[in-house]
Amino acid sequence: MIQRERIKILKDTAPKKGAYVLYWMQASQREECNHALEYAIKVANEYGLPPLVFFGITDDYPEANERHYGFMLEGLKEVKSSLEKRGIKLVLRHLSPETGAEELARRASVIVVDRGYTRLQRSWRERLAARADCPVIQVESDVVVPVEDASPKEEYSAATLRPKISRKLEKYLVPLKKTPVKRESSHMRFAAFSIGDTETALSRLQIDRSVRWRQVPYRGGTARAKKLLEDFIENKLDRYHDLRNDPTRDATSHMSPYLHFGQISPLYVALKVDSRKSPGKAAYLEELIVRRELGINFVRYNGHYDSFEGIPNWCRKTLREHERDERGFAYSREELEEGRTHDPYWNAAQKEMVLTGKMHGYMRMYWGKKILEWTKKPEEAFAIALFLNNRYEIDGRDPGGFTGVAWCFGKHDRPWGKRPIFGTIRYMNDKGLRRKFDADGYVKKIEQMRP
DNA sequence: ATCGGCTCGCGCAA
DNA sequence: TGCGCGAAGCCGAT
């Protein structure tokens, strides 16, 4: 089922005579449960044309490094073979995606594109829509509830978004059927970038290689995501509600890198979890749907989602008032990046992120709060936290990452008791960690990891 | 161990 | 306009 609220016409013009219906894949990097892909197939069938999928790999994606490209290439290789099984050609090219889409648009009758929420993703789509001479249709597949239908404005907190999402769940929590392809495109010939071995493919890109991909324990791709999900539902979901905030336990689903690259659909995950009777179900769906889509709401409606300017007035005001408070510790970005602070818990969290590409969700909050505490100015702290997040997390540059950092500075939260540096922004300390879990056990676990 | 206060703005009831 | 309520925390009082 493709609800009409998922569909937005970016260029309203008559279809032209063409050789195919083009789906420019960008955010939803998967063959399975992809509304944009299924929509493109339907349109292609209607026009008696083959659907063709294009993906452009640019060397210049801001802040992306080998870690991100490696994970993405692994996923794309799988997308290519899954699409081939349905008779659909994936044209992979090594160039800026909006340029590549424009080239292939010349012989397209209709263009379909998936949806991204960040500034760059939006501008790519706007540019294509402005230049295309055929319809450009955007299909939103990486949320359970389409963002504007959930809420027409920037939401204040999870509490204000939650009822709005809940009301719509029945409508959107429904499976997407696969549409059989009537005319195949797999025989069509295009100059293309071939992935083959990931290391070899990586070596052909002109990218930042200072953050390595190979050491990361997460392999990309839909098959791997589904296997992790299955293991999560079978073995961890039942205790998710009481263990999810304990980083010494492997109690979470590890879906975020896969969700970030669109290698798995949040709808697919939600349906799988929802079909189970489990005490952990509600807590998981809260994080997967309400909190994740609250983050997307923030990025969609707040133009300053990636800076200090994006947090509410009361947060900026209270932080300003405490800007000159004495910092007990002050570290440079380099000292933080190298995990050289006085705090073993913080250093462990930083090390976990650098080595594995994924810091535990609970530690992400503590980590961000401490950067605010140990940096001269809150604006600077915000920039450092986001820089490190985007550089080392596989899911860096995700709405969830922007929102997570902003949360540490008060976004989507309420004020709490006044104190130095933080003002009325929620404070966290290491005593809290020790109270909630075996914090020293966490440090030991991380220290055992080889660099 | 458990509880209330901290502090602000949203959103509904009146 | 008033007021209940939030909900991934801290801290001091009991």
Side-chain angles (χ1 to χ4, degrees), chain A residues 150-167 236 239-249 251-253 255-256 279-295 297-298 301-302 310-322 325 328 343 345-346 349 352-353 358-373 378 385 389 393 395 399-439 442:
Chain A
S151 169
K153 63 183 181 74
E154 181 179 2
E155 287 295 326
Y156 180 72
S157 69
T160 59
L161 181 63
R162 191 175 297 112
K164 298 178 184 180
I165 294 249
S166 302
R167 281 199 291 272
K236 303 173 190 171
R239 295 210 59 191
Y240 183 75
H241 58 297
D242 62 322
L243 295 183
R244 75 193 147 148
N245 284 336
D246 184 342
T248 68
R249 306 282 203 121
T252 61
S253 67
M255 285 298 103
S256 68
K281 182 163 101 176
Y284 187 76
L285 292 178
E286 163 77 12
E287 306 234 346
L288 175 71
I289 305 175
V290 177
R291 306 232 51 129
R292 179 169 179 275
E293 295 184 12
L294 176 64
N297 170 281
F298 174 48
Y301 290 111
N302 192 316
I311 63 176
N313 287 332
W314 71 266
C315 303
R316 290 208 303 273
K317 184 164 171 281
T318 194
L319 287 171
R320 287 251 179 283
E321 281 165 10
H322 292 269
D325 291 358
D343 177 344
Y345 310 122
W346 194 93
E352 180 181 30
M353 176 173 75
K358 195 166 163 296
M359 189 192 301
H360 190 278
Y362 188 80
M363 293 308 293
R364 288 193 195 197
M365 298 189 275
Y366 178 78
W367 175 87
K369 293 284 184 190
K370 291 297 144 184
I371 296 179
L372 170 58
E373 188 174 345
N389 179 80
E393 299 279 10
D395 65 8
F402 295 118
T403 310
V405 170
W407 181 87
C408 296
F409 292 71
K411 182 73 197 173
H412 295 150
D413 203 10
R414 50 180 279 210
W416 300 87
K418 227 184 212 120
R419 52 179 301 132
I421 304 172
F422 286 79
T424 58
I425 304 289
R426 181 196 296 259
Y427 178 72
M428 286 175 82
N429 67 9
D430 53 354
K431 262 198 300 201
L433 303 183
R434 287 193 295 269
R435 192 169 56 238
K436 289 186 183 60
F437 59 88
D438 176 12
Y442 171 68

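Just so it is clear: chains get the letters A, B, ... in the order the sequence lines come, proteins before strands, and each one is counted from 1.
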>> With no hydrogens and no angle check, just 3.5 Å: does a side-chain donor-acceptor pair link A:Tyr284 and A:Arg244?
In response: no
Separation of atom [atom1] in [X] from atom [atom2] in [N], rounded to whole Å:
X: A:Asn429; N: C:dG12; atom1: CG; atom2: P; value: 11 Å
X: A:Tyr156; N: B:dC8; atom1: OH; atom2: C1'; value: 5 Å
X: A:Arg244; N: C:dA7; atom1: CZ; atom2: C1'; value: 11 Å
X: A:Lys164; N: B:dC12; atom1: NZ; atom2: P; value: 8 Å
X: A:Leu161; N: B:dG11; atom1: CG; atom2: P; value: 10 Å
X: A:Tyr366; N: C:dC10; atom1: OH; atom2: C1'; value: 14 Å
X: A:Phe437; N: C:dA8; atom1: CZ; atom2: C1'; value: 12 Å
X: A:Asp246; N: C:dA8; atom1: CG; atom2: P; value: 17 Å

> Between A:Arg292 and A:Asp395, does at least one N-O distance fall below 4.0 Å, as a salt bridge requires?
Replying inline: no
>> Assess whether a salt bridge exists between A:Lys411 and A:Glu154, defined as any Lys/Arg side-chain N lying under 4.0 Å from an Asp/Glu carboxylate O.
In response: yes
>> At less than 3.5 Å, do the side-chain atoms of A:Arg414 and the base atoms of C:dA7 form a donor-acceptor pair?
In response: yes
Given [options], the nucleotide with the shortest approach to the side chain of [X]:
X: A:Thr160; options: C:dG9, B:dG11, C:dC11; result: B:dG11
X: A:Arg162; options: C:dA7, B:dT7, C:dG9; result: C:dA7
X: A:Arg435; options: C:dG9, C:dC11, C:dC10; result: C:dC10
X: A:Met428; options: C:dA8, C:dG9, C:dA7; result: C:dG9
X: A:Ala159; options: C:dC10, C:dG9, C:dG6; result: C:dG6
X: A:Thr424; options: C:dA7, C:dC11, B:dT7; result: B:dT7
X: A:Met365; options: C:dC11, C:dA8, B:dG11; result: C:dA8

[atom1] atoms of [N] and [M], separation to the nearest Å:
N: C:dC5; M: B:dG4; atom1: C1'; value: 15 Å
N: B:dG11; M: C:dA8; atom1: C1'; value: 24 Å
N: B:dC12; M: C:dA7; atom1: P; value: 15 Å
N: C:dC11; M: B:dT7; atom1: P; value: 15 Å

>> Donor-acceptor pair, distance only, cut-off 3.5 Å: does the side chain of A:Trp346 make one with the backbone of A:Trp367?
In response: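 A pair under 3.5 Å: yes.
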NA contact type, [X], heavy-atom cut-off 4.0 Å: base, sugar-phosphate, or nothing?
X: A:Ser157; value: nothing
X: A:Asp413; value: nothing
X: A:Lys317; value: nothing
X: A:Glu286; value: nothing
X: A:Lys369; value: nothing
X: A:Arg291; value: base

G-U wobble or Watson-Crick pairing nucleotide for [N] (cut-off 3.5 Å, both distances):
N: C:dA8; result: none
N: B:dT7; result: none
N: B:dT2; result: C:dA13

>> Taking atom NZ as the centre, does A:Lys153 end up with more than 12 heavy-atom neighbours from other residues, nucleotides or ligands that are less than 6.0 angstrom away?
In response: yes
> For A:Met353 and A:Lys358, what are the C-alpha separation, side-chain angles and deciding distance, and is it a side chain to side chain contact (heavy atoms under 4.5 Å, CB included)?
Replying inline: CA-CA 5 Å; A:Met353 176 173 75; A:Lys358 195 166 163 296; over 6 Å; no
> Angle class for the A:Phe437/A:Tyr442 ring planes (parallel below 30°, perpendicular above 60°, tilted otherwise)?
Replying inline: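 If you compare the ring of A:Phe437 with that of A:Tyr442, the planes turn out perpendicular.
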> OP1 or OP2 of C:dC10 sitting under 4.0 Å from any side-chain N/O of A:Lys436?
Replying inline: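 Result: yes.
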>> If the cut-off is 4.0 Å, is A:Lys418 near the phosphate of B:dC8, judged by side-chain N/O to OP1 or OP2?
In response: no
